[in-house]
Protein chains: 2
Amino acid sequence: MAISGKKPIYLQLVDRIKNEVATDILSANDQLPSVREMALQERINPNTVAKAYKELERQEVIKTLTGKGTFVTGNTQNVKNLNQNQLFSELSSSVDQLLKNGVTRKQIEQFVDDLFGGKNAKN
Amino acid sequence: MAISGKKPIYLQLVDRIKNEVATDILSANDQLPSVREMALQERINPNTVAKAYKELERQEVIKTLTGKGTFVTGNTQNVKNLNQNQLFSELSSSVDQLLKNGVTRKQIEQFVDDLFGGKNAKN
DNA sequence: CAACTGTACTATGTAACATAGTACATATCA
DNA sequence: TGATATGTACTATGTTACATAGTACAGTTG
């Protein structure tokens, strides 16, 4: 995942790491690259990485041990739940807007079904 | 709908007007308030309104006749379709993300059903 | 002509963002 | 102990977007 887009770089990094925690790409107590290392990898300024880490710590996604490094929080479930709530909220908002646009309930349900590729429900 | 939030004021105005066209609050050939009038109503700078109108014209949502005023485009269906496509795209993205977060298909479908308030499908 | 449209400038100020550079306290390890 | 790595905290600089104020001008309408 590259760092590019409209959002501030440090926020893109925040989003990416939160997403990696939510999707188990990053697990509890995993160590993250140092600010300088991450800066080299992503070709951005160490200060920008530090800003992202600071924000992630504020959100209790990672914890910091000066001299040791930064690590993923012990309880990732909290991050996952917040992430899911956010996604469900966005889903709800999209449905509301579609209804206001004159799209029918049936059309929405049909679209969601099609997203799963057919009629069969496995999960 | 008030002008406040994180997004730039002129973009908030753009979004609002596009939404009003998509939801038939504004209809084809309706005249919009003049830049100065809208500025007074919303308590923002006329230049900011002008910037919004310019962007809306670029997106072909409104058309401008210098000396006469600004009017909603003749074919609002185009705006509606673009709006719906955008919303469907967002919906799809939310579902994808939820699946990546370990949420099951059943849970998502159940959530969507609950959005409609129960088991009965009217529309 | 008078009053209204949208448009186009200049100028000013603010705020966020990103960068470079430096410094410092802490932790780890040879 | 000394070297090196960690996160953190500054200052300074530059860029960009945004919003405002003010002025001016061309076209339209009555």
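Each chain gets a letter, A, B and so on, in the order the sequences are listed, and its residues count up from 1. For clarity, every value in this text was computed on a predicted model and none was experimentally measured.
Here the nucleotide nearest the side chain of A/Glu37, chosen from C/dG6, D/dT6, D/dC18, is D/dT6. Of the candidate nucleotides D/dT6, C/dT5, D/dT8, D/dT6 has the atom lying nearest to any side-chain atom of A/Ser34.
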Exercise for the section: For side-chain contact (heavy atoms from CB on, under 4.5 Å), just list the numbers for B/Leu13 and B/Met38, CA-CA rounded to whole Å, side-chain angles, deciding distance to a tenth of an Å, and then say yes or no. Expected result: CA-CA 10 Å; B/Leu13 188 54; B/Met38 178 72 85; 4.3 Å; yes

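With sequence neighbours excluded, the residues that form a side chain to side chain contact (heavy atoms under 4.5 Å, CB included) with A/Val35 are A/Val49, A/Ala50, A/Tyr53. Every residue two or more places apart in sequence or in another chain that forms a side-chain hydrogen bond (donor to acceptor under 3.5 Å, both in side chains) with B/Lys63 is listed here: B/Asn29. By the salt bridge (Lys or Arg N to Asp or Glu O under 4.0 Å) test, A/Asp15 is found to be paired with A/Lys7, residues two or more places apart in sequence or in another chain being considered. The salt bridge (Lys or Arg N to Asp or Glu O under 4.0 Å) check on A/Arg58 picks up A/Glu55, with sequence neighbours excluded. For A/Lys80, the salt bridge (Lys or Arg N to Asp or Glu O under 4.0 Å) partners are A/Asp24, not counting sequence neighbours. The ring-ring contact (aromatic ring centres under 6.0 Å, His included) test applied to A/Phe71 returns no partner, not counting sequence neighbours.
Of the residues in residues 8-15 of chain B, those lying under 4.0 Å from DNA chain D by heavy-atom distance are B/Pro8, B/Ile9, B/Tyr10. DNA chain D is contacted by B/Thr66, B/Gly67, B/Lys68 of residues 61-73 of chain B, taking any non-hydrogen atom closer than 4.0 Å.
At whole-Å resolution of the value, CZ in A/Arg36 and P in D/dA9 are 13 Å apart. What separates CZ of B/Arg43 from P of D/dA19 is a distance of 17 Å, to the nearest Å. Rounded to whole Å, atom C1' of D/dG7 lies 11 Å from atom NZ of A/Lys54. The nearest whole Å value for the distance from the CD atom in A/Gln31 to the P atom in D/dA5 is 14 Å. Between B/Tyr53 atom OH and C/dT7 atom P there is a gap of 10 Å when expressed in whole angstrom units. Rounding to whole angstrom units, CG of residue A/Asn45 and P of C/dG21 are separated by 10 Å. In this entry the distance linking CE of B/Met38 with C1' of C/dC4 reads 17 Å, nearest Å. What separates NZ of B/Lys6 from C1' of D/dA17 is a distance of 18 Å, to the nearest Å.
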Using atom types as modelled, flag every donor-acceptor pair under 3.5 Å from a side chain in residues 90-98 of chain A to any protein atom, sequence neighbours excluded.
{"unit_1": "A/Glu90", "atom_1": "OE2", "unit_2": "A/Gln86", "atom_2": "NE2", "d": "2.9"}
{"unit_1": "A/Ser94", "atom_1": "OG", "unit_2": "A/Glu90", "atom_2": "O", "d": "3.2"}
{"unit_1": "A/Gln97", "atom_1": "OE1", "unit_2": "B/Asn19", "atom_2": "ND2", "d": "2.9"}

Exercise for the section: Determine, for nucleotides 10-15 of chain D in 5'-to-3' order, which nucleotides have protein heavy atoms under 4.0 Å from the base (write B), from only the sugar-phosphate (write S), or from neither (write -). Expected result: B-----

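The side chain of A/Thr48 places no N or O atom within less than 4.0 Å of a non-bridging phosphate oxygen (OP1 or OP2) of C/dC17.
Within the 3.5 Å criterion, the main-chain N or O of A/Asn47 finds a donor-acceptor partner in the side chain of A/Asn45.
Note on residues 66-76 of chain B: no pairs pass salt bridge (charged side-chain N to carboxylate O under 4.0 Å, His left out), not counting sequence neighbours. Listed by first and then second residue, the ring pair (Phe, Tyr, Trp, His ring centres under 6.0 Å) pairs involving residues 73-106 of chain A are A/Phe88-B/Phe111 (not counting sequence neighbours).
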